Amino acid sequence: MAVPSPPFSLSKHSLSNSPSFHASNPSLDPSKASVLGTQNVFGSKANLGGVEQTHLRLWNNLKTNSDLRLQASREPPGLTKELKSDKSERMERIEHGSDLFDEMKQRFLSFKKHKYMQNLELYEKLAKGQAPKFMVIACADSRVCPSSILGFQPGEAFVIRNVANMVPPYENGPSETNAGLEFAVNSLKVENILVIGHSQCGGIRALMSMHDDVETSSLIGSWVSVGMNARVRTKAATKLLNFDQQCKHCEKESVNCSLANLLTYPWVEEKVRNGELAIHGGYYDFVDCAFEKWTLDYKESSLKDKGGRVAVKDRAFWF
């Protein structure tokens, strides 16, 4: 039930500028009518005092009206319902963001109770150091979590994630990805590097949307241009396919481009040549929940020039 408004509502400004105001108006109380009835136009010196008194009464009435509306706004939702603005809804979501961390806290405590405490010997060993067999380079996409997909346990995989799971060539200079690569290969002595692509990759779609001869100023565009060779090869091989099909082809071609780029690092190439390190590609299709895996065939690959292609072996499909 809404709170009723007073019989009339006037602003102080509109009252002082009104051309006429008759006492016969039934919406006014008698006391106001008697004062205003002496003239039709405000402003004469004879009744200036009466007008000022009327102003005061009406202004008090306005204040009462505002007080009533403020009181109504404090009534229970059943009596008064107000629509919230977009801004207030956003603020409410931000304030309730702590609920997400409450849930995260419960997940952590569950992990501590059911995994950490029950495998205390393993975690005490990991506290002293790590010796993973795998380095995994995967996409930052929230739908592609290597540990969830492939079941890596703590200590088993050194993981780097970036947009579109790309490995820049050695000559491009330092980056977070090749810094992690150097540490994993030279310090941790990993035995396998696995680059994982995936379906519906936004980074690959950005790459496929670029023009061959246009340099982009965006950070994402500059990064995914690392896979320009994969884009060119995809365009050449899929001229008759639609854009979505071209992107899917490039998602796998880009993985092979990264495998080739890995061999531009002297210390990676040396270990692969000596059989101390193996390089693998993977593709996770989260639409059909299927995984494809392959291994770079170093002896059969032709990577001497920039347009060289990688040869693969031991291709397997898990579905």
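Quick caveat, the model's predicted, so the values are computed rather than measured.
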What are the two closest non-hydrogen atoms of [X] and [Y], and how far apart are they?
X: Cys257; Y: Ala230; result: CB-CB, 4.1 Å
X: Met166; Y: Ser254; result: CE-OG, 3.8 Å
X: Val287; Y: Asp285; result: N-OD1, 2.9 Å
X: Pro132; Y: Gln130; result: CD-C, 3.6 Å
X: Phe291; Y: Gly282; result: CZ-CA, 4.0 Å
X: Asn186; Y: Lys271; result: OD1-CE, 4.0 Å

Are there more than 12 heavy atoms of other residues, nucleotides or ligands under 6.0 Å from atom [atom1] of [X]?
X: Tyr123; atom1: OH; result: yes
X: Glu276; atom1: CD; result: yes
X: Glu171; atom1: CD; result: yes
X: Phe319; atom1: CZ; result: no

To the nearest 0.5 Å, what is the distance between [atom1] ([X]) and [atom2] ([Y])?
X: Arg161; Y: Thr177; atom1: CZ; atom2: OG1; result: 12.5 Å
X: Asn178; Y: Leu262; atom1: CG; atom2: CG; result: 10.0 Å
X: Lys113; Y: Gln106; atom1: NZ; atom2: CD; result: 11.0 Å
X: His198; Y: Tyr283; atom1: NE2; atom2: OH; result: 8.5 Å
X: Ser199; Y: Asp288; atom1: OG; atom2: CG; result: 8.0 Å
X: Gln246; Y: Leu240; atom1: CD; atom2: CG; result: 9.5 Å

Verify the cluster assignment for [X] and [Y]: are they in a single hydrophobic cluster under the rule of side-chain heavy atoms below 4.5 Å apart?
X: Tyr116; Y: Leu109; answer: yes
X: Val255; Y: Phe286; answer: no
X: Ile220; Y: Met228; answer: yes
X: Leu194; Y: Leu277; answer: no
X: Leu259; Y: Trp267; answer: yes

- Message: Under the criterion side chain to side chain contact (heavy atoms under 4.5 Å, CB included), I'd like the reasoning laid out for Asn229 against Glu253: C-alpha separation, chi angles, the key distance, then a yes or no.
- Response: CA-CA 9 Å; Asn229 286 342; Glu253 189 65 51; over 6 Å; no

- Message: Using the rule side-chain contact (heavy atoms from CB on, under 4.5 Å), only one of Val310, Asn192, Val268, Thr295 pairs with Ile279; which is it?
- Response: Val268

Counting distance only, does the side-chain N/O of [X] pair as donor-acceptor with the main-chain N or O of [Y] below 3.5 Å?
X: Asp297; Y: Ala311; value: no
X: Trp223; Y: Val163; value: yes
X: Asn242; Y: Asp244; value: yes
X: Ser218; Y: Gly221; value: yes

- Yes or no on side chain to side chain contact (heavy atoms under 4.5 Å, CB included) for Glu270 and Arg273, after CA distance, side-chain angles and deciding distance? CA-CA 5 Å; Glu270 179 184 5; Arg273 185 176 67 250; 3.8 Å; yes

Close side-chain approach of [X] and [Y], heavy atoms under 4.5 Å:
X: Val167; Y: Ile193; answer: no
X: Val224; Y: Met210; answer: yes
X: Tyr265; Y: Val272; answer: no
X: Lys248; Y: Ile204; answer: no
X: Val190; Y: Phe134; answer: no

- Evaluation steps, side chain to side chain contact (heavy atoms under 4.5 Å, CB included), between Ser258 and Asn165: CA-CA 8 Å; Ser258 288; Asn165 45 267; 5.6 Å; no

- Item | Side-chain ion pair, Arg107 and Glu103, N-O less than 4.0 Å |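 Judged by the 4.0 Å cut-off on N to carboxylate O distance, Arg107 and Glu103 do form a salt bridge.
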
- Message: Under a 4.0 Å threshold between the charged nitrogen and the carboxylate oxygen, would Glu292 count as salt-bridged to Lys252?
- Response: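 Counted as a salt bridge, because a side-chain N and a carboxylate O are separated by less than 4.0 Å.
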
Residues 136-152 side chain polar contacts: donor-acceptor under 3.5 Å, at least two apart:
unit_1, atom_1, unit_2, atom_2, d
Asp141, OD1, Arg143, N, 2.8
Asp141, OD1, Arg143, NE, 2.9
Asp141, OD2, Arg143, NE, 3.4
Asp141, OD2, Arg143, NH2, 2.7
Arg143, NH2, Gln200, O, 3.4

- Query: Run the side chain to side chain contact (heavy atoms under 4.5 Å, CB included) check on Lys133 and Glu156 step by step: do they pass?
  - Reply: CA-CA 6 Å; Lys133 301 296 184 182; Glu156 291 183 347; over 6 Å; no

